[in-house]
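As structure tokens, the structure follows; a few thoughts come after it.
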Amino acid sequence: MVIDKKKLESILVKERVEFSKTEKIIHKYIIENPEQVIYDTLNSIMTRLHVGEASIVRYFKKLGYVNFIAFKMDIYKALQEISIKNELPFVDNITNNMIEVIQKTKASIDMKAIDAATDIILESKQVIIAGMGTSHTTALDMFSKILRVGVKPIVINDSHFSYMYTAVLNEETCAIIYSFSGETEEMIKFAKNCKEKNVKTIVISNYANSTLNSLADVFLKTNGFENEINGGFLCSKVSQIYVCDVLVTSCALRNIEKTKKYTQDVTNTVLK
């Protein structure tokens with residue numbers, strides 16, 4: 001989705017404000033990355049921009065916000081408002097968004113990362129696929145696809161079970177973790193638990209500068225956006241599924257005959 005930065009700025013900055021040098025850096029990042037900011041924490045912005053918490057707090061207060069949460073809520077509302085006003089008719093908008101997100105996801109595919117992820121999956125005796133909320137539905141889609149290429153997967157979406165399960169994992173297992181923001185608290189803890197057990201992790205996320213990416217052995221980038229009103233939810237899912245298909249196809253192409261056999265076995269079992 002193309003964001004009108006001037007309109008976004010006019011919504012967030014309600015009156016003329018003089019920013020310090022550091023505050024200008026913060027402001028530039030927020031206006032250029034509003035979709036990321038929705039999922040950011042204060043710590044992630046501090047780390048990314050190399051600024052102090054006090055500078056960020058002063059920036060929000062200059063704009064009239066009492067805290068970071070209130071500011072993020074206004075960004076979210078602003079994105080929806082801009083989308084509704086500027087991108088009608090909505091059917092054409094959704095169609096164009098779908099096409100655009102596939103093209104952007106294709107352009108960002110790192111085949112070296114795909115090959116590395118393929119190696120990890122095929123060398124593992126079991127694959128754990130994890131995702132919370134809407135990312136869990138994509139994890140289920142990955143499960144159904146990767147099962148057909150002879151991989152032994154399980155899907156987890158309960159944070160408590162995921163923590164329990166890591167207690168019995170070892171280096172013969174790998175994990176595929178879905179998180180749009182890369183900042184999902186439950187998935188971060190799960191990834192850390194995997195690291196402690198020498199479980200290799202493949203993270204599929206929209207943001208490279210995320211906590212989950214810093215914990216990943218392999219990072220695969222999506223290019224979706226989340227805006228429920230204008231089809232952004234589906235665009236995010238389409239981007240995830242696209243990366244999923246690329247990864248599963250890469251696994252399948254390593255051994256076509258084996259893939260054909262497992263696919264036929266799965267089909268025969270379902271049709272019984």
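Here, residue 1 is the first one in the sequence, and each next residue gets the next number.
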Tell me if a side-chain donor or acceptor on [X] pairs with a main-chain N or O of [Y] at a distance below 3.5 Å.
X    : Y    : value
S210 : N213 : yes
S20  : E23  : yes
S205 : F180 : yes
T166 : C194 : no
K152 : V127 : no
T211 : E183 : no

Of T201, D115, I114, I120, which is the lone residue that meets side-chain contact (heavy atoms from CB on, under 4.5 Å) with V218?
->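 When T201, D115, I114, I120 are each tested with V218, the side-chain contact (heavy atoms from CB on, under 4.5 Å) holds only for I120.
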Cationic tip of K62 within the cone over F19's six-membered ring, i.e. under 6.0 Å and within 45° of the normal?
->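 No; the conditions do not both hold, so K62 does not lie above the ring face of F19.
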S239: which of T105, N223, T138 passes side-chain hydrogen bond (donor to acceptor under 3.5 Å, both in side chains) =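 The single option meeting the side-chain hydrogen bond (donor to acceptor under 3.5 Å, both in side chains) with S239 is T105.
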Is the gap between the ring centers of Y165 and F190 under 6.0 Å?
->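 Here the rings of F190 and Y165 have centres that are no less than 6.0 Å from each other.
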Centres of the Y65 and F60 rings: under 6.0 Å?
->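 So the answer is no for these two rings.
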Would you sort out whether E196 and K192 count as a salt bridge (Lys or Arg N to Asp or Glu O under 4.0 Å), showing the intermediate values?
-> CA-CA 6 Å; E196 290 177 2; K192 288 179 177 177; over 6 Å; no
What are the two closest non-hydrogen atoms of P153 and I129, and how far apart are they?
->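 Heavy-atom minimum between the residues: CB-CD1, 4.0 Å.
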What class does the angle between the rings of Y59 and H27 fall in, given that below 30° is parallel, 30 to 60° is tilted and above 60° is perpendicular?
->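 Rings of Y59 and H27: tilted, 30 to 60°.
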Give the intermediate values and the outcome of side chain to side chain contact (heavy atoms under 4.5 Å, CB included) for residues L212 and I188.
-> CA-CA 6 Å; L212 270 176; I188 289 172; 4.0 Å; yes
Identify whether the distance between the nearest side-chain nitrogen and carboxylate oxygen of E185 and K189 falls below 4.0 Å.
->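 A salt bridge is absent here (no side-chain N lies under 4.0 Å from a carboxylate O).
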Give a yes or no on whether a salt bridge exists between D110 and K221, defined as a side-chain N under 4.0 angstrom from a carboxylate O.
->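 Salt bridge absent between D110 and K221.
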Does the side chain of K125 pick up a donor-acceptor pair with the side chain of T173 at under 3.5 Å?
->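 No pair is found: no donor N or O on one side chain lies under 3.5 Å from an acceptor on the other.
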